[in-house]
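Note sheet for the following structure.
All values below come from the heavy atoms of this structure, side chains included, with hydrogens, waters and symmetry mates left out. Proteins come first, then strands; the chains are lettered A, B, ... in the order of their sequence lines, and each starts at number 1. Just so it is clear, the model here is predicted, and its values are computed rather than measured.
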Amino acid sequence: MSYDPSAVEQKWQKYWSENRSFEPSDNFDLPKKYILSMFPFPSGRLHMGHVRNYTISDAFARFYRQQGFNVLHPIGFDSFGMPAENAAIKNGSHPKTWTYDNIDYMKKEFYSLGFSFSKERELATSDELYTKFEQGFIIDMYEKGLLYRKEGLLNWCPHDQTVLANEQVIDGCCWRCDTPIVKKEMNQYYFKITQYADELLSDLAKLENGWPKQVLTMQENWIGKSNGLEFDFELSKESKAKLNDKFNSFTVFTTRPDTIYGVTYVALAPEHDIVKYLCDNNLLDKDAISQIKDMKNSSNIDRQKEKSGVSLGVDVIHPLTGQSVPLWVANFVLIEYGSGAVMAVPAHDERDFDFAKKYSLPLKYVIKPNDSELNKNEAYTEAGVLFDSNEFSGFDSNEAKGKIIEYFETLKIGKKTTNYKLKDWGVSRQRYWGAPIPFIHCQKCGLVMEKKENLPVALPSDIDITGEGNPLDLHPTWKYCKCPKCGGDAIRETDTMDTFVESSWYFLRFCADKTNWEKEPFSSEQIKYWMEVDHYIGGIEHAVLHLLYARFFTKVFRDLGYVDFDEPFLRLLTQGMVLKDGAKMSKSKGNTVDPDEIIAKYGADTARLFILFAAPPTQELEWNDSAVEGAFRFIKRFYDKSNGVYKTTTKPAIDHSKLNKDEKFARKKVYEALIRATDVYNNKYTFNTMIAGAMEAMNALTSQNNSDVLTEGYWILTSMLEPVIPHICHEISQKYFNLKNFDSQEIVDEVLQSDSIKYGISINGKNRGEIELTIGLSNDEIIHLAKAEVSKWLEGMTIVKEIVVPNKLINLVVKPC
RNA sequence: GCCCGGAUGGUGGAAUGGUAGACACAGGGGACUUAAAAUCCCCCGACUAUUGCAGUCGUGCUGGUUCAAGUCCAGUUCCGGGCACCA
């Protein structure tokens, strides 16, 4: 019978399903592996990126099952979100119908790819049961002060008609639809992720061996910790009077206290209270007020184009010199960082320099390079030696930083402070298809939590989705309710939660089976066993989104007493993108390849083999139709050549010494491939080299005629390749080995040793020949034979040094006589 | 601007400091066939030479360390990614 992928694959998919082959065991005495891939949004169909993601995690899961581990390899759907609503607007479908139809279709695709997911733990985050417990956490977090509501200036996407978190703004545009975001003042709920900023940063050290460096760096930069000095500038007497004594002083933050004697002006953000007061009370001329207004209204991108500012006609007192310094408003000062006010040192900061040049403000240099001349045409931002800095003159600038902070602290006019770029996570969204925030606004009692026994606060199904406004808010009845506290008329919160809240804890839910899901959000006993996730596989685009939020939730849950570990994901593998014709596959570029078509034409095994063979998983993968063809040919050959294998339920015992050269070579190739395979799962993740090893072994096996060797080879190779091409390996294994070979394979050492080894001979490091030498020769003998081999290169030369690298090469160092 | 990666044949990619280009794809040649497909075999970095099957060069570039460098170090160019007026 020739290879018929569709028949073979359907047969085994049915078999696995009927035998519940991929359900984890409840025997907690077994060693475990939790293999998780980032769950998909149910957009409709799988794309090649999904196939790559799940092929990788499936290889891990299948490998560890063979090694005797109890493996949890679950899948679910991150099923709330905008696209469901956009589809509703476009086609008039209901978001729920659209979502669950897509889930059904995608589940079939998973099935047809042979992924070994636990079917009994599948979930969708839009399930009401999931919402119920999530809303419970929201209430817990509110009570702990980790969730709060405040009026603020928010990122608003005019296209999606919703607020976005900072992490969801990419280059000033919406992460989903690329529309430039605008700032909008509104009420919003925030998670106090900043409370965990320091731990989120320091615990990155725990992930150093398991996470890609790039992701660690991205999180580190995102958290953006900086140490410095915080102190107050007092307003001059006249200025206080001008401001009707409403303001005495304001705070600034600097990481360069060593430049303090170079301050020549001070700048405020346009949103600063003092600026607001000056504008509101007409203490500035009309022009100035309108310029400040423009600054506030311009987007972040516009603000970066050119520095601009206005003098406020107010002076402040330098805390150390007592000199008076002018106060400006400047568009490059950000209200959301530090205190929204900076001391400006144009001589030693490029931004301050540009601003000072534009408005002809004075420069005062106070640091000079250690070993070169100061260039007064630019800002000198490097370290150096202080001058014109009173008692600190002469100090190295790095040393001076600490000294000056100390000085401020002694005088009690400032203190050492740490600032973070990380902002609190804004989580409310003005959309329908999300988990409702379980709060109620009561005129009498204010903001009230829904009672936990009333959860979930479910979405209404009769909904009008037009794309205009918040559908929940516009619903005729849904938001009207009674206050859980006083029983009076009240109104439900109509904002829903960011979908990243759902993906921040789904991995905990998977730890228990469905029977438990009704009772509790997750089982602490099961979590103790299954967590942490051993291998997490997904795209790098979540480096500062999902992966940061999930770490945050884990720490919060720990502090709420739900879990007892600090980090959810021990090892992270970020897979590269799938490209075609050099560009990321996308519908708009028209360069997509539909997984369903590939499966129909070649089968799932071919798709999986190609994906793992064409590139290491962390690199970009260039789709190549003829290489897919090649993968198919390999499987076909692998199947065809199994004809010579005989039936057995144990690995054949072979007397290695009686084999001929080709037979020995074939065995050696098989075992070498096996050794490579173990390495792959432990740390290298280079499935491509593992598969190459298997191909080499196959080539060697078919170049010899010993059926024992062939059978042993297939016993090992079908086991080794099962994680990659499971269907055909099961087919072959069932036919010959009664499925007894899916097990951890022992290495036979004698196979790896051969009677002779090829040595390379080099002279002065240059390759000059090679020689086959029997094992066990002394170095002198080896050198003697090697010299004979390359004698023509030694004429007229004296040998200075002789080096023998065992089993590799001989290097002779020579010079002319 | 700052911080990470990366650069190897026509292509994807291999190489614990030890014979660069494994394994594939594409390409070329051949066998089988009436023919095609499938399959099998051979060649396949560049240049020079040659029917003595040998030599020279070669992992972006310039240096360095070493008996030996794609690999380590310093510098440099280009490409990709992240952050970005963060005081």
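- Here B/rG13 presents its P atom at 14 Å from CG of A/Leu612, a figure rounded to the nearest Å.
- Counting non-hydrogen atoms of neighbouring residues, nucleotides and ligands closer than 6.0 angstrom, the OH atom of A/Tyr337 exceeds 12 such neighbours.
- To the nearest whole angstrom, the two C1' atoms, one in B/rU65 and one in B/rG13, are 30 Å apart.
- Separating the NZ atom of A/Lys421 from the C1' atom of B/rC86 is a distance of 5 Å, rounded to the nearest angstrom.
- Under 3.5 Å, the side chains of A/Ser703 and A/Asp662 contain no donor-acceptor pair of N or O atoms.
- At the heavy-atom level, A/Thr255 lies under 4.0 Å from the strands shown only through sugar-phosphate atoms.
- Taking atom P on both B/rG45 and B/rG9, the two are 12 Å apart, rounded to the nearest angstrom.
- Both A/Lys423 and A/Ser703 lie near RNA chain B, and the one whose nearest nucleotide falls closer to the 5' end is A/Ser703.
- Residue A/Thr686 is classed as having no contact, given no heavy-atom separation below 4.0 Å to the nucleic acid.
- Side-chain contact, A/Asn811 with A/Ser762: a donor N or O sits under 3.5 Å from an acceptor N or O.
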Distances under 3.5 Å between nitrogen or oxygen atoms of protein and nucleotides 22-33 of chain B:
{"residue": "B/rA22", "atom": "O2'", "partner": "A/Glu696", "partner atom": "OE2", "Å": "3.0"}
{"residue": "B/rA24", "atom": "OP1", "partner": "A/Asn699", "partner atom": "ND2", "Å": "2.9"}
{"residue": "B/rC25", "atom": "OP1", "partner": "A/Arg633", "partner atom": "NH2", "Å": "2.9"}
{"residue": "B/rC25", "atom": "O2'", "partner": "A/Ser626", "partner atom": "OG", "Å": "3.0"}

- Query: Dot-bracket, RNA chain B: Watson-Crick or G-U, under 3.5 angstrom, [ ] crossing, | other strand?
  - Reply: (((((((..(((.....[....))).(((((.......))))).((((.....))))..(((((..]....))))))))))))....

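- Using cut-offs of 30° and 60° on the angle between ring planes, the pair A/Phe687 and A/Tyr681 is perpendicular.
- Listed candidates were B/rA15, B/rG13, B/rA87. Nearest to the side chain of A/Ala615 is B/rG13.
- Within a 6.0 Å sphere centred on NZ of A/Lys584, other residues, nucleotides and ligands contribute 12 heavy atoms or fewer.
- Taking atom CZ on A/Phe610 and atom P on B/rG13, their separation rounds to 10 Å, with Å as the unit.
- At most 12 non-hydrogen atoms from other residues, nucleotides or ligands lie less than 6.0 angstrom from NZ of A/Lys416.
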Tabulate protein N/O versus nucleotide N/O from nucleotides 4-8 of chain B, keeping only pairs under 3.5 Å, one per line.
{"residue": "B/rG5", "atom": "OP1", "partner": "A/Lys213", "partner atom": "NZ", "Å": "2.4"}

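- Syn is the conformation of B/rG9, whose glycosidic angle sits no further than 90° from 0.
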- Task: Check the pair A/Tyr365, A/His348 against ring pair (Phe, Tyr, Trp, His ring centres under 6.0 Å), reporting the backbone distance first and the verdict last.
- Result: CA-CA 7 Å; A/Tyr365 285 87; A/His348 300 292; 5.6 Å; yes

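- At a threshold of 4.0 angstrom between heavy atoms, the contacts of A/Glu802 with the nucleic acid are absent.
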- Note on the structure: Its contact letters, B for base, S for sugar-phosphate only and - for none at protein heavy atoms under 4.0 Å, make nucleotides 42-76 of chain B read ------------SSSS---------BS--------

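- The gap from the P atom of B/rA20 to that of B/rU56 amounts to 13 Å, rounded to the nearest Å.
- Across all strands shown, A/Val333 has heavy atoms under 4.0 Å from base atoms, whether or not it also approaches the sugar-phosphate.
- Between the C1' atom of B/rG81 and the CG atom of A/Asn221 lies a distance of 12 Å, rounded to the nearest Å.
- Applying the side chain to side chain donor-acceptor pair (under 3.5 Å) rule to pairs touching residues 684-694 of chain A yields A/Thr686-A/Thr689, sequence neighbours excluded.
- A distance of about 26 Å separates the C1' atoms of B/rG81 and B/rA87, rounded to the whole Å.
- Spacing between atom CD1 of A/Ile260 and atom P of B/rA87 amounts to 16 Å, rounded to whole angstrom units.
- For the residue pair A/Val628 and A/Trp623, the shortest heavy atom distance occurs at CG2-CZ2, 3.6 Å.
- Residue A/Glu230 is classed as having no contact, given no heavy-atom separation below 4.0 Å to the nucleic acid.
- Atom-to-atom, CE of A/Met577 to C1' of B/rC79 comes out at 14 Å; the value is rounded to the nearest Å.
- In this structure, A/Gln619 reaches the sugar-phosphate backbone alone: every heavy-atom distance under 4.0 Å involves primed, P, OP1 or OP2 atoms, never a base.
- By the 6.0 Å contact criterion, CG on A/Asn375 is enclosed, its count of non-hydrogen atoms from other residues, nucleotides or ligands being greater than 12.
- Taking the six-membered ring for Trp and thresholds of 30 and 60 degrees, A/Tyr359 and A/Phe355 have ring planes inclined between 30 and 60 degrees apart.
- Rounded to whole Å, the separation between the C1' atoms of B/rA69 and B/rU59 comes to 11 Å.
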Table please: side-chain donor-acceptor pairs of residues 801-808 of chain A below 3.5 Å, with sequence neighbours left out.
{"residue": "A/Glu802", "atom": "OE2", "partner": "A/Lys787", "partner atom": "NZ", "Å": "2.8"}

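- Of the P atoms belonging to B/rA7 and B/rC73, the separation is 14 Å, rounded to the nearest Å.
- For B/rU50 and B/rU11, the P atoms lie 30 Å apart once the distance is rounded to whole Å.
- For A/Asp294, the CG atom sits in a packed shell: over 12 heavy atoms of surrounding residues, nucleotides or ligands are nearer than 6.0 Å.
- With both ends at atom P, the span from B/rG6 to B/rA74 equals 15 Å, rounded to whole Å.
- Counting only N and O atoms by type, the side chains of A/Tyr671 and A/Asp749 include no donor and acceptor under 3.5 Å apart.
- Taking CE of A/Met343 as the start and OH of A/Tyr265 as the end, the distance is 11.5 Å to the nearest 0.5 Å.
- Between A/Arg768 and A/Glu789 there is no salt bridge, since none of the side-chain N atoms of the basic residue sits less than 4.0 Å from a carboxylate O of the acidic one.
- One can place NZ of A/Lys808 at 7 Å from C1' of B/rG18, the figure rounded to the nearest angstrom.
- At whole-Å resolution of the value, CG in A/Leu216 and P in B/rC3 are 17 Å apart.
- At a threshold of 4.0 angstrom between heavy atoms, the contacts of A/Pro616 are confined to the sugar-phosphate backbone, with no base atom among them.
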